[in-house]
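Side-chain atoms are counted along with the backbone in the values below, which use heavy atoms only and exclude waters and symmetry mates.
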Amino acid sequence: MGLLMQLSKKTIGSLPRTVKRPHYDLGTVTVGIVHLGIGAFHRAHQAVYTDALLSEDPSWGICGVSLRSPETRDALQPQDGLYTLAVQDGEGSDLSVVGSVVELLCAPEDPEAVLRRMADPGTRIVSLTITEKGYCHNPATGTLDEGHPDIVHDLANPARPRSAIGFIVEAISRRVSAGIAPFTLLSCDNLPGNGHVLKRIVTQFAEARDPALAAVVRNVASPSTMVDRIVPATTDSDRRAVASAMGLEDAWPIMTEPFRQWVIEEDFPLGRPAWEKAGALFVQDVSAFEFMKLRLLNGSHSTLAYLGYLAGAETVADAMALPGMEALVEGLMRHEVSPTLPQLPGFDLPAYRAELLQRFCNPALRHRTWQIAMDGSQKLPQRLLGSIRDRLRAGAGYDRLALGVAAWMRYARGLDEAGRPIDVRDPHAARIAALAQGIDEPDRIIDAFLTMTDVFGTDLPASAPFRAALIKALDGLLRNGSAATLRSFRR
């Protein structure tokens, strides 16, 4: 494959007819959106919606910003920002080239270039996929963590920020000084009320910098969204398969599923792309949709990832094939999560649950359980603990949800069931390892984890039924292992 030319504006004309390509002049596209966190999910989701509309209005091109690593910039810049989207199901792949990312920046290398682009009048939206940990907040309260090292740095060095929050507030400050209206903030991360959480955090940060600036930030538009598409990490095998089909090298193609969903609150004072023409749904209040997705899809995903990894399943599809897993996940969604959801008139909830099970079983997606298992301390409050709180208030059962939490604790201790080390990726990995070190009794392990009030709050650790449910679930995992625990759920 090394003899192939690389995908770029110069070589795109040589693609086979079976590969779709942009239906607009790539040279006319200008930046209207700065996206913080230019990872795989954004390039499979928001960038694809935007790409479909650039023939109608080419002023909505995307400047993709990496906040940590230059990896994405280094892969895509030689390709003029172009990349391949491979939509996969059990019948094969549908390939298309996406051209909406027209500029790539690496924030640690040149924060000033990022701030200039964010402060430019042409930038009307700043969107984010920075994962839960990128918000530098307390997941249990949704408030700014003023002790976070990046926040401490950014308050002391506002012109050279490290965090997304620091970049946003400094860019708004520069726009205010130049007489330019603030951009719209558009969070596309899996947080309940993500727009409201983001607004609260940036306002708190601005307040710590300058109360007058905070008064401006408090009025910045920050609509909430719900996003959904499964996007596994790209492998070298994926790159080889795409190159073979394209006849061109692509350093970073994106693999994804046919399903996609984007629900957005309508609040864009400086305008927006007509994303509804590409299938997005605009609503007054996104909360019912995001609760449904966070608790059903993401809650199930985390549960099956921890249990599946511990049982030796490398991918989601492998995990779903384990005896008892599908029954566990279906029961979790139907019996424990669905009763906690707000009503969506006209929405077919049983059909949505069935569709989720089908998506999880897609054999073409090599979505690794280890990838989903990352950052559990940041994800569990939204994905599982909120549902548990609602079940506790209702006096209802939550054994399956408790098993998901216990499986995270079992996983996060850092040794698998054969005693091999697990590469635990979590902002609190070192803290968790220290908490559970040298403890083998389920009750003591649970009590150690429940000291993490930034994850569990103060209410759940004080709940005797919650503690008892976790001890029972963890005891079963430690005694019997994940595979045997799952088999007990077989229909």
Side-chain angles (χ1 to χ4, degrees), residues 31-51 60-77 81 83 85 98 100-111 113-115 117-118 123 125-137 139 144-145 148 150-151 154 161-172 183-191 194-195 197-199 201-202 205 222-234 252 254 256 260 262 264 298 371-372 374-375 378-379 382 425-427:
V31 173
I33 300 169
V34 172
H35 185 81
L36 305 179
I38 181 73
F41 183 80
H42 171 71
R43 293 192 289 129
H45 193 273
Q46 302 99 49
V48 176
Y49 281 89
T50 302
D51 185 74
W60 287 110
I62 297 167
C63 168
V65 177
S66 296
L67 292 169
R68 293 287 181 262
S69 163
E71 198 173 14
T72 303
R73 189 273 317 272
D74 292 349
L76 295 187
Q77 197 155 271
Y83 61 91
L85 184 80
V98 178
S100 54
V101 179
V102 296
E103 183 177 51
L104 292 141
L105 299 174
C106 180
E109 292 181 7
D110 195 350
V114 176
L115 290 167
R117 177 56 76 187
M118 293 174 74
T123 298
I125 295 172
V126 171
S127 54
L128 304 89
T129 50
I130 55 176
T131 74
E132 294 90 341
K133 65 183 176 183
Y135 287 78
C136 303
H137 75 311
L144 179 71
D145 178 4
H148 191 288
D150 288 349
I151 297 301
D154 291 356
R162 292 176 182 168
S163 71
I165 308 306
F167 273 104
I168 289 166
V169 174
E170 174 64 13
I172 292 173
F183 38 66
T184 295
L185 289 172
L186 190 66
S187 170
C188 298
D189 283 297
N190 286 318
L191 294 167
N194 52 17
V197 171
L198 177 59
K199 177 80 160 287
I201 292 168
V202 296
F205 182 93
S222 185
S224 289
T225 69
M226 186 273 270
V227 296
D228 189 2
R229 196 169 209 181
I230 295 173
V231 187
T234 302
W252 210 325
I254 296 296
T256 190
R260 66 179 187 181
W262 197 7
I264 313 168
N298 299 118
Q371 180 188 358
I372 300 164
M374 292 178 183
D375 304 329
Q378 310 297 293
K379 293 174 178 177
Q382 297 83 31
R425 302 289 179 92
D426 191 285

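- The side-chain heavy atoms of Met226 and Trp262, taken from C-beta on, include no pair separated by under 4.5 Å.
- Atoms CZ and CD, from Arg229 and Gln46 in turn, are 11.0 Å apart once rounded to the nearest 0.5 Å.
- Minimum interatomic distance between Arg73 and Ser66 (heavy atoms only, all atoms of both residues): N-OG, 4.5 Å.
- Side-chain contact between Met118 and Val126 is present, with at least one heavy-atom pair separated by less than 4.5 Å.
- Side chains of Phe183 and Ile125 form no contact here, defined as non-hydrogen atoms less than 4.5 Å apart.
- Taking the side chain as every heavy atom from C-beta outward, Leu198 and Leu186 never approach each other to under 4.5 Å.
- Of all heavy-atom pairs spanning Ser224 and Gly195, the tightest one is OG-N, 3.0 Å.
- A cation-pi arrangement is absent between Arg162 and Phe167 under the rule of less than 6.0 angstrom and at most 45 degrees off the ring axis.
- Looking at Thr72, Leu104, Leu36 one by one, the single match for side-chain contact (heavy atoms from CB on, under 4.5 Å) with Val65 turns out to be Leu36.
- The two residues Pro108 and Arg68 come nearest to each other via the heavy atoms CG-O, 3.3 Å.
- For the atom pair CD1 of Ile168 and CG of Asp154, the computed distance is 11.0 Å after rounding to the nearest 0.5 Å.
- With rounding to the nearest 0.5 angstrom, the CG atom of Leu105 is 4.5 Å from the CD atom of Glu103.
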Verify side chain to side chain contact (heavy atoms under 4.5 Å, CB included) between Ser163 and Ile151, making sure each step is shown before the conclusion. CA-CA 7 Å; Ser163 71; Ile151 297 301; 3.9 Å; yes
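- Contact detail for Ser100 and Ala47: the closest heavy-atom pair is OG-O, 2.8 Å.
- A donor-acceptor distance shorter than 3.5 angstrom exists from the side chain of Asp110 to the backbone of Ala113, with no hydrogens or angles considered.
- No donor-acceptor contact under 3.5 angstrom links the side chains of Thr129 and His42, judged on distance only.
- Rounded to the nearest 0.5 Å, atoms SG (Cys188) and CG (Asp228) are 12.5 Å apart.
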Working for side chain to side chain contact (heavy atoms under 4.5 Å, CB included), residues His45 and Val231: CA-CA 9 Å; His45 193 273; Val231 187; over 6 Å; no
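- Asp150 CG to Lys133 NZ: the interatomic distance, rounded to the nearest 0.5 Å, is 11.0 Å.
- A donor and an acceptor atom, one from each side chain of Tyr135 and Ser187, are located under 3.5 Å apart.
- Between the side chains of Asp189 and Thr131, no donor N or O sits under 3.5 Å from an acceptor N or O.
- Under the 3.5 Å distance criterion, the side-chain polar atoms of Ser69 are matched with a main-chain donor or acceptor of Glu71.
- Side-chain atoms of Ile62 and Thr50, non-hydrogen and from C-beta on, do get closer than 4.5 Å to each other.
- Between Ser127 and Ile33, the closest heavy-atom pair is OG-CG2, 3.6 Å.
- At least one side-chain heavy atom of Val31 sits under 4.5 Å from a side-chain heavy atom of Val102.
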Would you check, one step at a time, whether the test side chain to side chain contact (heavy atoms under 4.5 Å, CB included) holds for Arg117 with Thr123? CA-CA 7 Å; Arg117 177 56 76 187; Thr123 298; 3.9 Å; yes
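- Proximity of Ile130 to Leu67: side-chain heavy atoms (C-beta onward) are separated by under 4.5 Å at one or more points.
- In plain terms, the two heavy atoms of Val114 and Ala107 that are nearest each other are CG2-CA, 3.9 Å.
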I would like to know whether Asp145 and His137 meet side chain to side chain contact (heavy atoms under 4.5 Å, CB included); could you show each step before the answer? CA-CA 5 Å; Asp145 178 4; His137 75 311; 5.5 Å; no
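- Within the cation-pi definition used here (under 6.0 Å to the ring centroid, within 45° of the axis), Arg43 qualifies as a partner of Tyr83.
- Between Val227 and Asn190, the closest side-chain pair of non-hydrogen atoms falls below 4.5 Å.
- Judged by distance alone, with hydrogens and angles left aside, the side-chain atoms of Glu132 form no donor-acceptor pair with the main-chain N or O of Leu191 at under 3.5 Å.
- Between atom CD1 of residue Ile38 and atom CH2 of residue Trp252 there is a gap of 10.0 Å, rounded to the nearest 0.5 Å.
- Under a 3.5 Å cut-off, the side chain of Lys199 and the backbone N or O of Leu185 do not form any donor-acceptor pair.
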